[in-house]
Amino acid sequence: MVTIRLQNSLTRRKEVFEPLDPGNVRMYVCGPTVYDRAHLGNARPVVVFDVLYRLLRHVYGEGAVTYVRNFTDVDDKINTRAREMQVAGDSRDLNAIIRTLTDETIGWYHADMDALGALRPAHEPRATEYIGQMIAMIAALIEKGCAYAAEGHVLFDVRAYPDYGRLSGRSVDDMIAGARVEVAPYKRDPMDFVLWKPSSDDEPGWNSPWGRGRPGWHIECSAMAQDLLGPAFDIHGGGLDLQFPHHENEIAQSCCAHPDAGFARVWMHNEMVQVEGKKMSKSLGNFFTVRNLLDQGWPGEVIRFVMLQTHYRKPMDWTESRARTAEKTLKRWISEYVHSPFGQGVADSVSVVSGFLDALADDLNTPKALTILREFEKERLRGVNISADDVAVFVRTLRLLGLDGVRQNAASLPRDVKRHFEELNLTRRIADMIDAARSERNFAKSDRIRDAAITAGFEVKIEKAGASVFSTREADYEKLKRLEREAP
RNA sequence: GGCGGGUUGGCGGAGAGGUUACGCAGCGGAUUGCAAAUCCGUGUAGACCGGUUCGAUUCCGGUACCCGCCUCCA
């Protein structure tokens, strides 16, 4: 069996991965707060942990991995957004607006992440469906003396957990020394954080032993992970910016609630997505959404490929030149191999490219894994006598990486099918026009048509067997239609 | 200020204490009616200063610069 090694943020070392139960490998990844379209930064952990999920399924078996990713659908940012909608004229009450907003955002998220080729996790719990479990956990923490109620709030007492700060490598005292935190008067210690807080009458709220209120941000992950994966599980992942305070607080809550369980054994953090050297984030406003890129015509697989070209623990830049390079390679891989006769119906039992799994198993070294694919292509697939087996191996490997060009979900297709076929027929007719001119050796005419098609944003290939016209991101079908009518 | 990460050729980006990474772009050639695509060939590295070593881009120390977290964030 392949030995998987993963960098564990908790120990700051690369460790051999040994699941608690090889028959049920369990992974929890922090999902989005649902009030807006997912930006590219939100998408990175989705792709990174999707690759890990696929690797684990490959190694331990498809049914032997449980993947949980939550939706945070109770949060002050959501409330704020809903209030903005009220101000803008939405006459419904806040809770109704919030429900619509979160439902709609979850739908967008699914469509966008499907387009990136990410498999859906086994469970995608919404925080609001786990309020009872959160209240129970908070009550247990109070009972154990790790939390206290004050002025309608419940706070976690960081001094009750001696290891607080271990994950992020900081001490409570150091943090207070450099304090930038606003200290609420009811806090015993400046670093204490909220488990429960009171809600105003129009805000979302639930009855609790501490009055009507809502949970703090961190408790949901502790409660949902425990409910769906148990008090101890294998992997907990998320963006590096969640390491502190979110994950630190999760650990404190869960480990105090279940002192002997240990919570997550391996903590993994992906680096940030950057734009011009700065973190892409909603608070900085320098973000663009996955939907923006899809609408610009970048296929989801290209976005995925660009992400895989950077190791997950390094900052990643989205640039058009990287996307173009990725598109070029991917186009060739999919058209030459996946869509070739040898690439059809390749079984999962086919082996993967030699060395590929080792690269992935080495802390998800996806850049190296892609290089191994390129080298395999160069050595085995560029010759005259290509073997069907080699193509099958290649296609099987692409599928494992989620790059086989087969979308998970028809809803993510960029165009409706009818239009797609109309366009396909149009490009075929243009190719026929070029062939007709060439067969008369009227090269001036065939060149004019070709150049006009290229100007309209299409790719034209003229081979002995005939001409082909391909669509590109810049393709303008209206111009092509005009070209057909007014053939120069 | 505290803690953590990074700096590789025009760009992207790996591994390894000593042998070509790889890709894109560029350049030369083949092929083509001309292009595109494809194929063959090819140059440019390891922030800076020290140390260890027969030998360091790779290990150690320092300097500079960049980035992240410390406040909501993937």
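Remember, it's a predicted structure, so these values are computed and weren't measured experimentally. Convention: sequence-line order gives letters A, B, ...; per-chain numbering from 1. The analysis underlying the following values was restricted to heavy atoms, covering all of them including side chains, and did not include hydrogens, waters or symmetry mates.
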One thing to verify: whether R429(A) and D432(A) come together as a salt bridge, which I'm taking to mean a side-chain N less than 4.0 angstrom from a carboxylate O. no

Exercise. Can a salt bridge be assigned to the pair E271(A) and R313(A) using a cut-off of 4.0 Å between side-chain N and carboxylate O?
Worked result: no

So what does Q243(A) hit on the nucleic acid, given a heavy-atom distance under 4.0 Å: a base, only sugar-phosphate, or nothing? nothing

*Considering only the P atoms, how many Å lie between G10(B) and C48(B), rounded to the nearest integer?*
13 Å

D36(A) CG to C72(B) P, in whole Å, measures 19 Å

**Prompt:** With rounding to whole Å, what would you report as the distance between A14(B) and C59(B) at their P atoms?
**Reply:** 15 Å

Re C34(B): Watson-Crick or G-U wobble partner, both distances kept under 3.5 Å, found to be none

The residue, R12(A) or H39(A), whose nearest nucleotide of RNA chain B is more 5′ is R12(A)

- Message: Whether K314(A) contacts A14(B) is assessed here as follows: a side-chain N or O lying under 4.0 Å from the phosphate OP1 or OP2. Is that the case?
- Response: yes

pair_partner(G61(B)), Watson-Crick or wobble, both distances < 3.5 Å, evaluates to C49(B)

Pairing partner of G41(B), by Watson-Crick or G-U wobble and under 3.5 Å for both distances, is C27(B)

How is T329(A) classified with respect to the nucleic acid when contacts are heavy atoms under 4.0 Å: base, sugar-phosphate, or nothing?
nothing

(message) Check this for me: does any side-chain nitrogen of one of R159(A) and D189(A) sit under 4.0 Å from a carboxylate oxygen of the other?
(response) yes

Discussion item. Need one value for K279(A): base, sugar-phosphate or nothing, where a base atom within 4.0 Å counts as base even if backbone is also close, heavy atoms only.
Written reply: base

Residues passing the ring-ring contact (aromatic ring centres under 6.0 Å, His included) test with Y109(A), sequence neighbours excluded, are F71(A)

Roughly how many Å apart are A47(B) and G13(B), using the P atom of each and rounding to a whole number? 15 Å

inquiry  = Between the base of C69(B) and the side chain of S168(A), is there a donor and acceptor pair under 3.5 angstrom?
reply    = no

When rounded to whole Å, the CZ to P distance for the pair F244(A) and G5(B) reads 17 Å

Per atom distances to the S446(A) side chain, the nearest of G33(B), C70(B), C72(B) is G33(B)

- Mind checking G41(A) for me? I need base, sugar-phosphate or nothing, with any heavy atom below 4.0 Å counting as a touch. base

Span that lies between the C1' atom of C24(B) and that of G43(B), in whole angstrom: 15 Å

*P-based separation of U52(B) from U20(B) [nearest Å]*: 29 Å

* Asked: Just wondering, more than 12 heavy atoms not from R441(A) lying within 6.0 Å of its CZ?
  -> no

R448(A) atom CZ is separated from A36(B) atom P, nearest whole Å, by 20 Å

Checking N1-N3 plus N6-O4 or O6-N4 for Watson-Crick, or N1-O2 and O6-N3 for wobble, each under 3.5 Å, the partner of C69(B) is G2(B)

Looking for any heavy atom pair under 4.0 Å, which part of the strands does R438(A) touch: base, sugar-phosphate only, or nothing? base

E301(A)/R304(A) ion pair, N-O < 4.0 Å:
no

Closest of C67(B), A14(B), C69(B) to the H311(A) side chain is A14(B)

**Prompt:** Using atom C1' of each nucleotide, how far apart are A56(B) and G50(B) to the nearest Å?
**Reply:** 14 Å

Side-chain contact check for P367(A): nearest option of G68(B), G23(B), A14(B) is A14(B)

To the nearest angstrom, the CD-P distance between Q7(A) and G5(B) comes to 9 Å

Separation of the C1' atoms in U7(B) and G12(B), to the nearest angstrom = 15 Å

Residue set satisfying ring-ring contact (aromatic ring centres under 6.0 Å, His included) with F470(A), at least two apart, ordered chain then number -> none

Residue-phosphate contact under 4.0 Å: K461(A) side-chain N/O, A35(B) OP1/OP2:
no

Next on the checklist: Does R374(A) reach a base, just sugar-phosphate, or nothing at all? Heavy atoms under 4.0 Å.
Outcome noted: sugar-phosphate

Rounded to whole Å, the CG-P distance (L308(A) to G12(B)) equals 18 Å

I78(A) atom CD1 is separated from C72(B) atom P, nearest whole Å, by 16 Å

Handout entry: hbond_proxy D447(A) side chain to G33(B) base (donor-acceptor, 3.5 Å cutoff)
Key = yes

Rounded to whole Å, CD of E336(A) lies from P of A37(B) at a distance of 13 Å

Per the under-4.0 Å heavy-atom filter, residues of residues 319-327 of chain A near RNA chain B come out as R322(A), T325(A)

Discussion item. Applying a 4.0 Å non-hydrogen cut-off, can you work out what V48(A) is touching in the nucleic acid: base, sugar-phosphate, or nothing?
Written reply: nothing

Taken to the nearest whole Å, CD/E248(A) to P/G4(B) is 14 Å

- Message: Considering every strand and a 4.0 Å limit on heavy-atom distances, what is the contact class for G277(A): base, sugar-phosphate, or nothing?
- Response: sugar-phosphate

*asked:* Taking the six-membered ring of F244(A) as reference, does the cationic atom of R170(A) (NZ for Lys, CZ for Arg) lie under 6.0 Å from its centre and within 45° of its axis?
replied: yes

### Task
Compare side-chain N and O positions of K328(A) against OP1 and OP2 of A25(B) and report whether any pair is under 4.0 Å apart.
yes

Requested in this report: Report the relative orientation of the aromatic rings in H236(A) and Y28(A); use parallel for angles under 30°, tilted for 30 to 60°, perpendicular for over 60°.
Outcome: tilted

Legend entry - Salt bridge present between D362(A) and R5(A) (N-O < 4.0 angstrom): yes

### Task
Report the relative orientation of the aromatic rings in Y53(A) and Y67(A); use parallel for angles under 30°, tilted for 30 to 60°, perpendicular for over 60°.
tilted

On RNA chain B, more 5' by nearest nucleotide between E463(A) and E375(A) is E375(A)

With the side chain defined as heavy atoms from C-beta on, I462(A) is closest, among G15(B), A35(B), C69(B), to A35(B)

Say you pick atom C1' in C67(B) and the same atom in U58(B); how far apart are they, in whole Å? 23 Å

Q) Does a nitrogen or oxygen in the side chain of N365(A) sit under 4.0 Å from OP1 or OP2 of A14(B)? A) no

Regarding the side chain of S283(A), the nearest nucleotide among A35(B), A21(B), C72(B) is C72(B)

Practice task
Would you indicate what E459(A) reaches in the nucleic acid, counting non-hydrogen atoms under 4.0 angstrom: base, sugar-phosphate, or nothing?
Solution key: nothing

